[in-house]
Amino acid sequence: MSSSVITRFAPSPTGFLHIGGGRTALFNWAFARKTKGKMLLRIEDTDRERSTPEAVAAILDGLTWLGLDWDGEAESQFSRASRHREVAEILLARGLAYRCYCTPQELQQMRERAEAEKRPVRYDGTWRDRDPASAPAGVRPAIRFKAPQDGETVIDDHVMGRVVFQNKELDDLIILRSDGNPTYNLSVVVDDHDMGVTHIIRGVDHLTNAARQTQIYRAMSWTVPDMAHIPLIHGPDGAKLSKRHGALGVEAYRAMGYLPEAMRNYLARLGWSHGDDEIFSTRQMIDWFGLDGIGKSPSRFDFVKLENLNGHYMRHTDDETLLQAFLAFLPHVAGGPEMLARIDDAMRAKLKRAMPGLKERAKTLVDLMKSAQYLFAQRPLALDDKARQIMADGGVAALQGLLPVLTGADWTAQGLETAVKAYAEASGAKLGKLAQPLRAVLTGTNTSPGIFDVLDVLGREESLKRIEDGLKLS
RNA sequence: GCGCCCUUCGUCUAUCGGUUAGGACGACAGCCUUUCACGUUGUAAAGACGGGUUCGACUCCCGUAGGGCGCGCCA
C-alpha cells in the first residue's frame with residue numbers, strides 16, 4: 001500500500017500570519033493537493049505566555065482569505081501536552097533523557113561565560129551523567145534529551161540537499177520544562193509522528209531543529225518524515241522583513257487591495273518555478289507543483305511586481321465577480337465602510353456598468369475605490385487643481401459649445417461618441433480639447449475611464465447638471 | 001564567536017556540462033490614444049571573486065568575499 005502524503009502547516013499563534021508563513025502554508029497546501037494527500041493545521045501553542053486566541057483567529061482568517069483550506073480540525077498542540085510528557089517519560093525510562101537541575105540563572109551564566117570566552121554556546125552537560133541523588137533540594141528539574149555526542153546527523157532535504165551536522169555541535173536540549181510542559185522540539189516530533197505527517201515543509205530557519213528533531217525520531221525508533229526547508233523571504237532592500245515591508249499580516253495585503261488569487265500566484269513564484277511560467281491559475285499551480293521546483297536562495301518581496309500581477313488579475317476577472325470582491329474588500333479599508341453604506345441597488349448597478357472602464361486602469365482594489373469616487377461625488381463637485389486648470393485653459397468655452405450637442409444626443413456611450421466626434425470635426429476642435437473639460441467637470445479630476453462611458457454611467461440628468469455646475473464656476 | 005545554508009540582469013527566475021545565457025516585473029525609447037491605464041514594438045541589463053576537474057563550465061570540486069539562518073525551560 002502506498003502511504004499517501006500528509007503535510008502540515010504549524011504556525012505559532014504569537015501574532016498574525018505573516019507573508020512567509022502564508023507562503024509556507026501555500027506550499028504545504030499545493031503539495032498536498034497535488035499528491036491528493038492531506039494538509040493538516042496545527043497551532044503550536046505550547047508557549048502559554050505568548051499564545052492568544054486572537055492570534056489563532058487571525059491565522060485562520062488569513063489562511064481562509066488566501067483561499068487555503070486544511071483537512072480536519074485545527075489541532076491545538078497544547079492540548080496534546082500529556083502525550084508529549086508521556087514520550088518524555090519514555091525517553092527518560094530508556095535512559096535517552098535525563099533530569100537537569102540547573103536553574104535558568106545558572107544556564108544564563110553558562111551562556112555568558114561561554115560567550116565571554118568565545119566558546120560555542122551550548123549546554124555543558126552538567127547533569128548528563130551526574131547521580132540524580134546529588135540533586136539539590138527544592139529545584140524542580142527539567143528533562144533534557146540525551147543527544148548523541150559522536151557521529152553525525154544527516155538530513156536529506158528535498159530543497160537543501162544533503163546537510164550534515166556533527167553531533168558534537170548539537171547539545172542536550174530541554175524537552176520538558178521544569179513546570180512539566182513540553183517544549184517545541186519534542187512536541188513537533190511527537191505530533192508529526194502521531195498525526196502521520198509524511199512531509200515537513202517549512203522555513204530554513206528550522207534547519208538546525210531538523211537535526212535535533214531527527215535525533216529524537218531516532219531515539220524513539222520512529223520514521224523520520226521527508227523534509228523540505230524553503231528559503232526565507234526578505235524585504236525589498238534585502239534585509240529582514242520589517243513592518244515597513246513584508247512583515248505584515250496577510251490581512252494587511254487584503255487591506256491593500258490585493259486579490260487572493262494574485263497573492264497565491266505571486267507567492268508561488270517566490271522561490272518556486274515551473275519553467276518560465278509567470279501567470280498561472282491555482283489549478284495549474286497544483287498540477288505543476290513539486291518540491292524539486294523550489295529554489296534554494298532567499299528572495300526579496302517585490303511590491304511592484306505584485307501590483308502588476310494583481311492588475312492582471314483585476315483586468316481578467318469578470319465584472320460581477322470583481323464587484324463582489326470589491327464589496328467584500330470595502331469593510332477592511334479606511335473609508336470603505338462609509339462607501340459601502342452608500343451602495344444601494346442603483347449604485348451597485350452603476351458600479352457594475354462602470355467596471356470595465358474602472359478595472360482596466362486599477363492595479364488594486366484600492367485603486368478601484370479611488371477611481372470609482374466620481375460615481376459617489378455629490379454636486380456641486382469640487383474640482384482638483386488639474387481639473388481647474390483644464391477649465392481655465394479654454395475648458396469653459398469648449399463646454400458651452402458642447403452642451404447643446406450633448407443635450408440633443410442619443411444618451412448611450414456609442415451615441416454620445418458619435419455626436420461629440422461629429423461636433424469636433426465640424427468645429428475643427430481636437431477631441432482632447434472637448435474630452436478633458438468634460439472629464440474635469442464630470443469627475444472633478446483629469447483622469448478617469450473613457451469619457452463616453454463616464455457620461456453613460458452617470459446618466460443624462462446627472463451629467464448635464466454636473467456640466468452646468470462647472471459652467472457656473474466661470 | 002561557533003554551526004549550517006545561500007550567491008545568474010535592479011528584482012523574481014529558466015538553464016539540470018555544449019544556448020547568441022531565455023522569460024517576467026521594473027527602466028528607457030517608439031507606436032496606439034479623449035486623460036490615465038491597457039495593449040504593442042524595440043533597447044539596455046546577469047553567471048560575486050580566485051583556483052581547479054573536463055575536449056568543454058553558470059552548471060561539478062576547493063578556497064575567498066558577501067549575505068542569511070540557528071545557537072532559549074520561544075516556536
Side-chain angles (χ1 to χ4, degrees), chain A residues 10-14 44-47 49-51 77 100 102-104 107-108 111 114-123 140-144 155 157 160-161 163-166 169-171 173-179 181-185 187-188 203-211 229 231-232 234 236 238-240 266 269-279 292 295-302 304-309 311-312 315 357 359-363 367 371 386 390 417 420-421 424 430-436 438-440 443 445-452:
Chain A
S12 59
T14 53
E44 311 247 318
D45 53 358
T46 52
D47 185 343
E49 308 268 308
R50 279 185 267 190
S51 301
Q77 184 161 68
C100 169
C102 289
T103 62
L107 294 173
Q108 179 64 28
R111 267 192 292 276
E115 223 157 285
E117 294 168 21
K118 303 205 169 179
R119 282 186 292 109
V121 182
R122 293 187 203 110
Y123 177 63
R140 296 189 54 175
I143 294 181
R144 280 185 190 270
I155 295 163
D157 195 88
M160 293 300 164
V163 182
V164 180
F165 289 88
Q166 295 304 315
E169 307 291 348
L170 274 10
D171 60 1
L173 65 264
I174 288 176
I175 52 178
L176 204 66
R177 298 178 174 93
S178 51
D179 66 2
N181 284 317
T183 59
Y184 169 77
N185 277 300
S187 301
V188 207
V204 270
D205 49 333
H206 284 283
L207 199 52
T208 313
N209 288 328
H229 287 88
L232 271 21
H234 293 162
K240 300 180 194 185
Y266 179 72
R269 207 63 194 73
L270 226 45
W272 175 78
S273 63
H274 180 264
D276 282 337
D277 294 305
E278 293 286 347
I279 294 175
D292 54 357
K296 293 181 170 187
S297 50
S299 48
R300 302 186 185 196
F301 196 92
D302 184 0
V304 178
K305 188 159 183 175
L306 207 210
E307 285 221 336
N308 170 277
L309 241 197
H312 173 89
R315 292 192 295 279
K359 73 182 182 185
E360 189 67 19
R361 54 215 92 211
K363 285 193 159 55
D367 289 347
S371 58
K386 285 172 181 164
I390 289 167
E417 179 165 359
V420 173
K421 281 191 171 166
K430 285 189 115 178
L431 192 50
K433 285 293 176 193
L434 301 174
Q436 281 304 77
L438 263 183
R439 192 167 347 255
T443 70
T445 74
N446 65 329
T447 62
S448 80
I451 199 63
F452 303 111

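A note on names: the letters A, B, ... follow the listed sequences, proteins ahead of strands, and every chain is numbered from 1.
In this structure, the CG atom of L173(A) is 16 Å from the P atom of G70(B), given to the nearest Å. Summarising the geometry, the separation between NE2 on H234(A) and P on C5(B) is reported as 16 Å, rounded to the nearest angstrom. Going from atom CG of N181(A) over to atom C1' of A75(B) covers 14 Å, rounded to whole Å. Atoms CG (L176(A)) and C1' (G72(B)) sit 16 Å apart, rounded to a whole Å. Distance, E307(A) CD to C38(B) C1': 15 Å, rounded to whole Å. In this structure, Y184(A) places its OH atom 11 Å from P of C71(B), rounding to the nearest Å. Between the NE2 atom of H312(A) and the C1' atom of A24(B) there is a distance of 12 Å, given to the nearest Å. Rounding to whole angstrom units, CZ of residue R361(A) and P of U35(B) are separated by 11 Å.
At a threshold of 4.0 angstrom between heavy atoms, the contacts of K363(A) are confined to the sugar-phosphate backbone, with no base atom among them. If you check every strand for non-hydrogen atoms under 4.0 Å, T445(A) touches nothing. In this structure, S12(A) reaches the sugar-phosphate backbone alone: every heavy-atom distance under 4.0 Å involves primed, P, OP1 or OP2 atoms, never a base. Within the 4.0 angstrom heavy-atom criterion, base atoms lie near C102(A). Here P449(A) lies in heavy-atom contact (under 4.0 Å) with a base. Nucleic acid contact class of L438(A) (heavy atoms, under 4.0 Å, all strands): none. Across all strands shown, N308(A) has heavy atoms under 4.0 Å from sugar-phosphate atoms exclusively, and none from any base. Across all strands shown, V164(A) has heavy atoms under 4.0 Å from sugar-phosphate atoms exclusively, and none from any base. At a threshold of 4.0 angstrom between heavy atoms, the contacts of L431(A) include nucleobase atoms, whether or not backbone atoms are also involved. Within the nucleic acid shown, I174(A) comes within 4.0 Å of at least one base atom, counting heavy atoms only. Heavy atoms of H229(A) sit nowhere under 4.0 angstrom from any nucleic acid atom.
Under the Watson-Crick or G-U wobble criterion, with both distances below 3.5 Å, G63(B) is paired with C49(B). Under the Watson-Crick or G-U wobble criterion, with both distances below 3.5 Å, U8(B) is left unpaired in every strand shown. Base pairing of G1(B) is made with C71(B), judged by Watson-Crick or G-U wobble geometry with both donor-acceptor distances under 3.5 Å. Checking C31(B) for Watson-Crick or G-U wobble geometry (two distances, each under 3.5 Å) identifies G39(B) as its partner. Using the Watson-Crick or G-U wobble rule with both distances under 3.5 Å, A21(B) pairs with nothing in any strand shown.
Comparing C69(B), C73(B), U35(B) by their closest approach to the side chain of R144(A) singles out C73(B). Taking the side chain of R315(A) as heavy atoms from C-beta on, and the options G39(B), A75(B), C5(B), the nearest nucleotide is G39(B). Of all nucleotides listed (A37(B), C73(B), G70(B)), A37(B) comes nearest to the side chain of E360(A).
The backbone N or O of S51(A) lies less than 3.5 Å from no partner atom in the side chain of D45(A), so there is not a single donor-acceptor pair. Proximity of a side-chain donor or acceptor of T445(A) to a complementary backbone N or O of T447(A) within less than 3.5 Å is detected. Between the side chain of N446(A) and the backbone N or O of K386(A) there is no donor-acceptor pair closer than 3.5 Å. No donor-acceptor pair closer than 3.5 Å links the side chain of R111(A) to the backbone N or O of R122(A).
Note that the NE2 atom of H229(A) and the CG atom of N209(A) stand 7.5 Å from one another [nearest 0.5 Å].
In terms of position on RNA chain B, the residue among Q166(A) and T208(A) whose nearest nucleotide sits closer to the 5' end is Q166(A). Nearest-nucleotide positions on RNA chain B place R122(A) closer to the 5' end than the other of R439(A) and R122(A).
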Atom pairs under 3.5 Å, N or O on each side, protein against nucleotides 7-13 of chain B: can you list them with distances?
residue: C12(B); atom: OP1; partner: R300(A); partner atom: N; Å: 2.9
residue: C12(B); atom: O2'; partner: R269(A); partner atom: O; Å: 3.0
residue: C12(B); atom: O2; partner: K305(A); partner atom: NZ; Å: 3.2
residue: U13(B); atom: OP1; partner: G271(A); partner atom: N; Å: 2.5
residue: U13(B); atom: O3'; partner: S273(A); partner atom: OG; Å: 3.3
residue: U13(B); atom: O2'; partner: R269(A); partner atom: NH2; Å: 3.0

Polar atom pairs between nucleotides 29-32 of chain B and protein, under 3.5 Å, N or O only, would you list them?
none

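For the P atoms, the distance linking A21(B) with C25(B) amounts to 22 Å, nearest Å. For the P atom pair drawn from U40(B) and C16(B), the interatomic distance equals 29 Å after rounding to whole Å. G22(B) and G47(B) have their C1' atoms separated by 13 Å, with the value rounded to a whole Å. Rounded to whole Å, the separation between the C1' atoms of C31(B) and A37(B) comes to 16 Å.
T183(A) and I174(A) make their closest contact through OG1-O, 2.7 Å (heavy atoms, listed as atom of the first residue, atom of the second, distance). Minimum interatomic distance between S448(A) and T443(A) (heavy atoms only, all atoms of both residues): CB-CG2, 3.8 Å.
Take K421(A) and apply the side chain to side chain donor-acceptor pair (under 3.5 Å) test, not counting sequence neighbours, and it matches E417(A). Every residue two or more places apart in sequence or in another chain was checked for a side chain to side chain donor-acceptor pair (under 3.5 Å) with D205(A), and none qualifies. For the side chain to side chain donor-acceptor pair (under 3.5 Å) test, residues two or more places apart in sequence or in another chain that qualify with R50(A) are D47(A). Residues that satisfy the ring pair (Phe, Tyr, Trp, His ring centres under 6.0 Å) test with Y184(A), not counting sequence neighbours, are H206(A).
A donor and an acceptor atom sit less than 3.5 Å apart, one in the side chain of N209(A) and one in the base of A75(B). Residue-to-nucleotide contacts include a donor-acceptor pair under 3.5 Å from the side chain of S178(A) to the base of C73(B).
Taking a 6.0 Å sphere around CD of E49(A), one finds it holds 12 or fewer heavy atoms contributed by other residues, nucleotides or ligands.
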